[in-house]
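Working notes, structure below.
Because the structure is a prediction, the values reported are computed rather than measured.
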There are 2 protein chains.
Amino acid sequence: MGRKTGSHSEITGPRVREAALRLIAQHGFAAVSMRQIAAEVGIQAGALYNYTPDKQSLLFDLMQSHMHELLEAREASRTRGDPLEQLEAFVRFHIRFHLPRQRAVFVSYMELRNLAPDNFSKIEQLRTCYEGELQGILDEGHRLGDFEISDSKITTLAIIAMLTGICNWYREDGRLSAAEIEADYWTLVRKSVGIDAAEPMRHRRAV
Amino acid sequence: MGRKTGSHSEITGPRVREAALRLIAQHGFAAVSMRQIAAEVGIQAGALYNYTPDKQSLLFDLMQSHMHELLEAREASRTRGDPLEQLEAFVRFHIRFHLPRQRAVFVSYMELRNLAPDNFSKIEQLRTCYEGELQGILDEGHRLGDFEISDSKITTLAIIAMLTGICNWYREDGRLSAAEIEADYWTLVRKSVGIDAAEPMRHRRAV
DNA sequence: GTCTATAGAATGATAGAC
DNA sequence: GTCTATCATTCTATAGAC
């Protein structure tokens with residue numbers, strides 16, 4: 001088997017994506033050249049075009065894959081339960097999904113500007129779909145009288161911004177463990193929908 | 001006075017900064033060329049270098065100005081009062097300052113990666129300084145027993161992420177007015193530090 | 001599938017006329 | 001202070017050998 005020249009598509013494909021994600025997260029899409037990505041993989045720039053028709057498609061694929069993984073993982077982790085339980089499940093899922101994917105999160109939120117209009121629309125649609133998951137929980141909790149919410153859309157955006165913001169500072173070797181962070185943010189979210197820690201069962205007891 | 005050629009430094013300087021801010025917010029620093037900025041101002045690319053030694057300095061100046069304005073405005077709007085009053089003042093200040101500056105906020109948070117290391121450190125220091133304002137309020141409120149907080153640093157980052165996130169979706173002609181948004185977010189923050197709307201005076205009455 | 005080589009366009013920054 | 005012109009570099013993407 002050849003080493004410096006030969007066929008490695010099954011290996012090289014994922015490596016191109018990993019290298020692109022790492023470099024784009026670090027420097028930004030427009031600041032990263034195809035030559036840099038190729039060098040990171042250990043191939044020449046021209047060979048990249050066996051794996052993507054152009055630079056724009058590479059970015060879009062990274063972002064679309066991230067959003068699809070997010071939606072599929074959310075689908076798989078859905079639970080039954082009252083709105084408070086569902087809200088807790090959502091918050092914990094969101095943190096657990098995003099923390100190990102800081103680079104992909106970074107790219108998916110920062111490089112929207114660099115998507116071609118058609119690609120932008122597709123990604124935005126997926127994002128809206130994900131936000132709908134949370135908003136549905138909040139609406140149901142509000143309808144049942146469990147949650148104290150002024151505006152479910154605002155609350156949705158506020159919670160997601162708060163949770164996703166963790167990715168901007170979290171480090172594996174930081175002061176707090178992922179479990180501690182998860183607990184703290186769940187407490188913040190719980191309180192923000194008007195559920196006091198002292199009476200977490202209000203709706204369930206009342207009914 | 002000449003029109004197409006001549007001296008216009010007092011006018012052109014700010015226009016260069018405005019054009020750069022607008023274009024960088026829209027497309028990203030690395031994706032915007034000096035020629036594009038010049039065209040937006042209505043001058044030739046070479047003339048830009050009367051106003052900045054290089055592209056990097058232009059970005060740094062935009063971000064540094066934004067952070068200095070933020071800190072000065074915060075300084076000017078500081079109020080006396082108990083922690084709850086100070087927290088409300090901070091939240092309302094943050095929203096009022098940021099909403100009319102969506103582009104500058106965007107640039108200041110998204111283009112950190114494109115700053116040279118020295119410039120990055122300076123901006124980060126200013127940001128840390130601003131976060132300290134909020135954390136100080138939370139710590140004081142916690143010390144007095146007014147606020148129910150698990151970790152003041154986490155709570156600081158969560159609140160700022162939540163509030164700054166407004167800039168990512170707010171539109172002047174949107175469904176909600178700035179005043180409504182401000183009210184909703186203040187309610188969210190108030191609840192997140194454990195102050196129920198029904199008993200906003202707990203500390204003051206207890207003492 | 002990867003390489004070398006290159007086309008064709010764009011970039012940041014500078015020099016010198018006015 | 002702005003212009004024109006340009007240098008030297010870099011970029012995306014393609015062509016063709018192996």
side-chain hydrogen bond (donor to acceptor under 3.5 Å, both in side chains) partners for Y49(A), two or more places apart =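 Expected list: none.
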message = Looking at K153(A) and E131(A), is any side-chain nitrogen of the basic one under 4.0 Å from a carboxylate oxygen of the acidic one?
response = yes
ask   = Are any of the side-chain nitrogens in E111(A) or R113(B) under 4.0 Å away from the carboxylate oxygens of its partner?
value =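 A salt bridge is present here (some side-chain N lies under 4.0 Å from a carboxylate O).
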Tell me: [atom1] of [X] to [atom2] of [N], nearest whole Å?
| X | N | atom1 | atom2 | result |
| --- | --- | --- | --- | --- |
| N50(A) | dA13(D) | CG | P | 14 Å |
| I37(A) | dA13(D) | CD1 | P | 10 Å |
| L59(B) | dG12(C) | CG | C1' | 15 Å |
| L48(A) | dT4(C) | CG | C1' | 15 Å |

ask   = Just checking, is any N or O donor in the side chain of S77(A) or R96(A) under 3.5 Å from an acceptor N or O on the other one?
value =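 Distance-only check fails for S77(A) and R96(A).
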All N/O pairs under 3.5 Å across the protein-nucleotides 13-17 of chain C interface:
| from | atom 1 | to | atom 2 | distance (Å) |
| --- | --- | --- | --- | --- |
| dA13(C) | OP2 | Y49(B) | OH | 3.0 |
| dA13(C) | OP2 | K55(B) | N | 3.0 |

query = Can a side chain N or O of T12(A) be found less than 4.0 Å away from OP1 or OP2 on dT2(C)?
reply =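 Affirmative; the distance criterion is met.
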inquiry  = Looking at dT2(D), I'd like to know if its phosphate oxygens (OP1 or OP2) sit under 4.0 Å from a side-chain N or O belonging to Q44(B).
reply    =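 Indeed not, no polar side-chain atom of Q44(B) lies that close.
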message = Please classify the nucleic acid contact of V32(B) as base, sugar-phosphate, or nothing, using heavy-atom distances under 4.0 Å.
response =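 The answer is sugar-phosphate, as V32(B) gets under 4.0 Å only of primed atoms, P, OP1 or OP2.
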query = With nearest nucleotides of DNA chain D determined for Q36(A) and Y51(B) from heavy-atom distances, which residue corresponds to the more 5′ nucleotide?
reply = Y51(B)
request  = Could you tell me whether R127(A) sits above the aromatic face of Y109(A), with NZ or CZ closer than 6.0 angstrom to the six-membered ring centre and within 45 degrees of the axis?
outcome  =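 The answer is yes, since R127(A) meets both limits relative to Y109(A).
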ask   = Among dT11(C), dC3(D), dC3(C), which is the nearest nucleotide to the side chain of S33(B)?
value =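 Output: dT11(C).
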query = Does F106(B) have any ring-ring contact (aromatic ring centres under 6.0 Å, His included) partners at least two apart in sequence or in another chain, and if so, which?
reply =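 By the ring-ring contact (aromatic ring centres under 6.0 Å, His included) rule, F106(B) matches no residue at all.
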